[in-house]
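Worth knowing before you read on, the calculation uses all heavy atoms, side chains too, and leaves out hydrogens, waters and symmetry mates. Fair warning: this is a prediction, and the values are worked out from it, not measured in the lab.
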Number of protein chains: 2
Amino acid sequence: MAGIRDVARLAGVSQATASRALSGKGSVSARAREAVTAAASELGFVMSYHASSLASGRSHNIGVVLPFVNRWYFATLLEGANSALMDAGYDLTLYDFQGDRYRESVLGDFLLRKRLDGVLAVSLQLNAHETEQILAAGIPVVGVGGPLPGIPTLRIDDVEVGRRATNHLISLGHSRVAHLGGEHEYGRNFEISSGRRAGYEDAMAEAGLPLRAAWSLISGYSANEAYRETKHLLADAAERPTAIFCASDEMAIGAMLAARDLGLRIPEELSVIGVDGHEMGEILGLTTIDQFPRNQGTRAVERLLTLVQGDGDAVEPADELMETRLVVRSSTSAPRIPAGQPGS
Amino acid sequence: MAGIRDVARLAGVSQATASRALSGKGSVSARAREAVTAAASELGFVMSYHASSLASGRSHNIGVVLPFVNRWYFATLLEGANSALMDAGYDLTLYDFQGDRYRESVLGDFLLRKRLDGVLAVSLQLNAHETEQILAAGIPVVGVGGPLPGIPTLRIDDVEVGRRATNHLISLGHSRVAHLGGEHEYGRNFEISSGRRAGYEDAMAEAGLPLRAAWSLISGYSANEAYRETKHLLADAAERPTAIFCASDEMAIGAMLAARDLGLRIPEELSVIGVDGHEMGEILGLTTIDQFPRNQGTRAVERLLTLVQGDGDAVEPADELMETRLVVRSSTSAPRIPAGQPGS
DNA sequence: CCAGAAAATGGAACGGCTTCCATCCAGTAT
DNA sequence: ATACTGGATGGAAGCCGTTCCATTTTCTGG
């Protein structure tokens, strides 16, 4: 296996010049550069990643930490991040907490091995100790979703999202509006779930509408869990809401299926709105607040890379608010409760 | 930042002994080991990943190559692989082709940087040149899905899967059975799609049933694409099949939604069966051939790690057939075509 | 044509750990 | 007690680029 030494020898230059020519840093004459390039390709030279990293301290490797690869939002954000990283020539090391199963080992061991140039932390909330630990490693970190104190973050205004979704329903004429929120475990998703819930409650209060405890549910973010909760919610016809705001599209999908299985027509008997912009929303006719997760992934990487490559004196705004968009489809409409059903 | 030198000095042993004590390789007395461990934790020593890799040639890092992170099957397989790798103390570097967008750069650049101990190639078909290239890098590779010549592979019997799914429908009394197959692009998924299609055709032929060109469709693996194809397929009532075998659960979901949107009841007017074991199948009542993708991921990692860690003389069987299971739910039943519809 | 600045280049010192090899020592068999 | 064996240990040579620094070459302007 040819090393840079061999390349230098064949090109008739020093190892130092060969290194400069190949990395593009430092000044090298055109003639030398060509000689080196030619020698390298002739020998089929591939630079040793480890040697290069050891010597330069840079690994061209970004860690992405997220709670689930298996949820659409995260997978899509990951895809965006992956794109941006590939384009920049970086590798992506994936750390999937799988709930909280690997939280400790990731935070405690993996992230500290000094093998990453930067970390993207998605929907992750750190306690003081963890924040300190990760910052002590001296690695640039960018967060997505939920403020991480001391760390630049990309997020959407979850309160506003909740308010907007709820207001959409209210403006259609609904007064019996339920909310199916995501569970907010300590250290994960907390701000997101509670923000959207707060938006819901705000909007209801502003419209002078009652908040019923029975209409305020919590479930996991998956369609299956939401399905179960929704079936429960809709079981009692007398207490049935006419609209439901779900904290994610996957939950909304579960809710729609539950409603259909109970024989309720959407949107006539139940309006459903979600959040995310799930690709299946299109064929389901799901009204949603799109948050463009793919775009969040690429944007987060952009910011992270400026930190990684930056001179350190680039003063970035600590927080960046990402765009969302209400996409109205056929899962929401004015309430049209069939005869025989109780009115509001 | 403390180095192993400092640890050794504090523990009163040589650097060599400290290294052995920390890595567990070579023989070290209990006393020395304890001294080193204590010194290490006192200094908050974290080993330099790059230095270690450079010296040992081992990176404790596995690359996972797949065509989409964003499809349920792949995300779930990835989750399984991630689990197994975390448990073994390995990092996971993700290479998402995103269709074919990054195929070349992954295969040409990223994989060759000698920074991986092994590669897991999922649903990937390599041409001779690519195979040669990747094997020349001297990295152990394990494939999942579709045979890769010269590379140990994990797969399911796709022909058998197609046959079993189709026979399930036939045994329920269907004779008008359509197949919605995945697109098989060169280099990706080829064997999978064509295997399942072959199984379908076999089963139909064995049962003496006609194969109509109009009932043999191709679509992308996503629900959205399948939705469109299925709507097309079902548009003409006279030519309508009574059952449809979809090459993936996501496609089956699209098909179910298309049928519902056309006012067709499932399973009365259309039976649907998929492949994968998608978690949403439960709430959709989707009959499927479960292939336990999470398990495939962990098993693939197991095999890969034995190759990576192995003495090289472990003769593994080149191919391993993974288990599948028919899960019957409510999306399939005997055909019960309502009055007014044309019979078979 | 020359001083001075900028560009190009080579030597060599790292970066931080692993591992080969030689040495030493305690335990065991004779 | 002696020879032998295998465990424990330290010295030092890598692993393979990057980059600092000093030196040489080339270019610019006066």
Side-chain angles (χ1 to χ4, degrees), chain A residues 1-37 39-40 43-61 89 109 112-117 137-138 309, chain B residues 1-37 39-40 43-61 89 91 112-117 137-138 308-309 311:
Chain A
M1 214 60 312
I4 204 174
R5 258 185 174 78
D6 307 301
V7 173
R9 194 176 309 130
L10 181 58
V13 299
S14 73
Q15 212 186 123
T17 299
S19 174
R20 285 185 209 108
L22 291 172
S23 70
K25 304 180 180 189
S27 40
V28 182
S29 67
R31 196 160 46 78
R33 189 189 319 285
E34 279 157 28
V36 170
T37 313
L43 295 174
F45 171 71
V46 182
M47 203 168 51
S48 160
Y49 174 86
H50 297 303
S52 168
S53 299
L54 175 59
S56 70
R58 230 166 294 296
S59 62
H60 274 239
N61 195 161
D109 300 349
L112 304 181
R113 293 188 191 164
K114 318 183 201 170
R115 53 183 244 66
L116 300 171
D117 289 345
Q309 297 164 343
Chain B
M1 225 25 351
I4 204 174
R5 257 189 175 77
D6 306 302
V7 172
R9 195 177 307 131
L10 181 58
V13 298
S14 73
Q15 211 184 125
T17 299
S19 174
R20 285 185 208 108
L22 291 171
S23 71
K25 304 182 178 187
S27 41
V28 181
S29 67
R31 195 160 46 77
R33 189 188 320 283
E34 280 156 28
V36 171
T37 314
L43 295 175
F45 171 71
V46 182
M47 202 167 53
S48 160
Y49 174 87
H50 297 303
S52 168
S53 299
L54 175 59
S56 69
R58 231 166 296 295
S59 62
H60 274 237
N61 195 161
D91 277 318
L112 303 180
R113 294 189 192 163
K114 319 182 200 169
R115 53 181 244 69
L116 301 171
D117 289 345
V308 168
Q309 298 164 342
D311 318 317

> Where do V7(A) and V36(A) come nearest, in terms of heavy atoms and distance?
Replying inline: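 Looks like CG1-O, 3.8 Å.
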> S59(A) and S53(A): which non-hydrogen atoms are nearest, and at how many Å?
Replying inline: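 Shortest heavy-atom separation between S59(A) and S53(A) comes out as CA-OG, 3.6 Å.
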Rounded distance [0.5 Å steps], [atom1] in [X] versus [atom2] in [Y]:
{"X": "H50(B)", "Y": "L54(B)", "atom1": "NE2", "atom2": "CG", "result": "10.5 Å"}
{"X": "R115(A)", "Y": "R115(B)", "atom1": "CZ", "atom2": "CZ", "result": "6.0 Å"}
{"X": "S23(A)", "Y": "M47(A)", "atom1": "OG", "atom2": "CE", "result": "8.0 Å"}
{"X": "M1(A)", "Y": "S48(A)", "atom1": "CE", "atom2": "OG", "result": "11.0 Å"}
{"X": "D6(B)", "Y": "Q15(B)", "atom1": "CG", "atom2": "CD", "result": "9.5 Å"}

> What one-letter contact string describes nucleotides 7-13 of chain C from 5' to 3', where B marks a base within less than 4.0 Å of any protein heavy atom, S marks contact via sugar-phosphate atoms alone, and - marks no contact?
Replying inline: SBBBB--
> Does the side chain of N61(A) come within less than 4.5 Å of D117(A)'s, by heavy atoms?
Replying inline: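 Not in contact.
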Could you state the [atom1]-[atom2] distance from [X] to [N], rounded to the nearest angstrom?
{"X": "H60(B)", "N": "dC17(C)", "atom1": "NE2", "atom2": "P", "value": "15 Å"}
{"X": "L43(B)", "N": "dG16(C)", "atom1": "CG", "atom2": "P", "value": "15 Å"}
{"X": "Y49(A)", "N": "dG15(C)", "atom1": "OH", "atom2": "C1'", "value": "15 Å"}
{"X": "R5(B)", "N": "dG10(D)", "atom1": "CZ", "atom2": "P", "value": "15 Å"}
{"X": "I4(A)", "N": "dT19(D)", "atom1": "CD1", "atom2": "C1'", "value": "12 Å"}
{"X": "R115(A)", "N": "dG16(C)", "atom1": "CZ", "atom2": "P", "value": "17 Å"}
{"X": "L22(B)", "N": "dC17(C)", "atom1": "CG", "atom2": "C1'", "value": "11 Å"}
{"X": "H50(B)", "N": "dT18(C)", "atom1": "NE2", "atom2": "P", "value": "14 Å"}

>> Give the residues of residues 51-58 of chain B touching DNA chain D, defined as any heavy atom closer than 4.0 Å, sorted by residue number.
In response: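 By residue number: L54(B), A55(B).
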>> Need one value for F45(A): base, sugar-phosphate or nothing, where a base atom within 4.0 Å counts as base even if backbone is also close, heavy atoms only.
In response: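 Sugar-phosphate only.
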>> Treating T37(B) as the side-chain partner and R33(B) as the backbone partner, does any N or O pair qualify as donor plus acceptor under 3.5 Å?
In response: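 At least one qualifying donor-acceptor pair exists.
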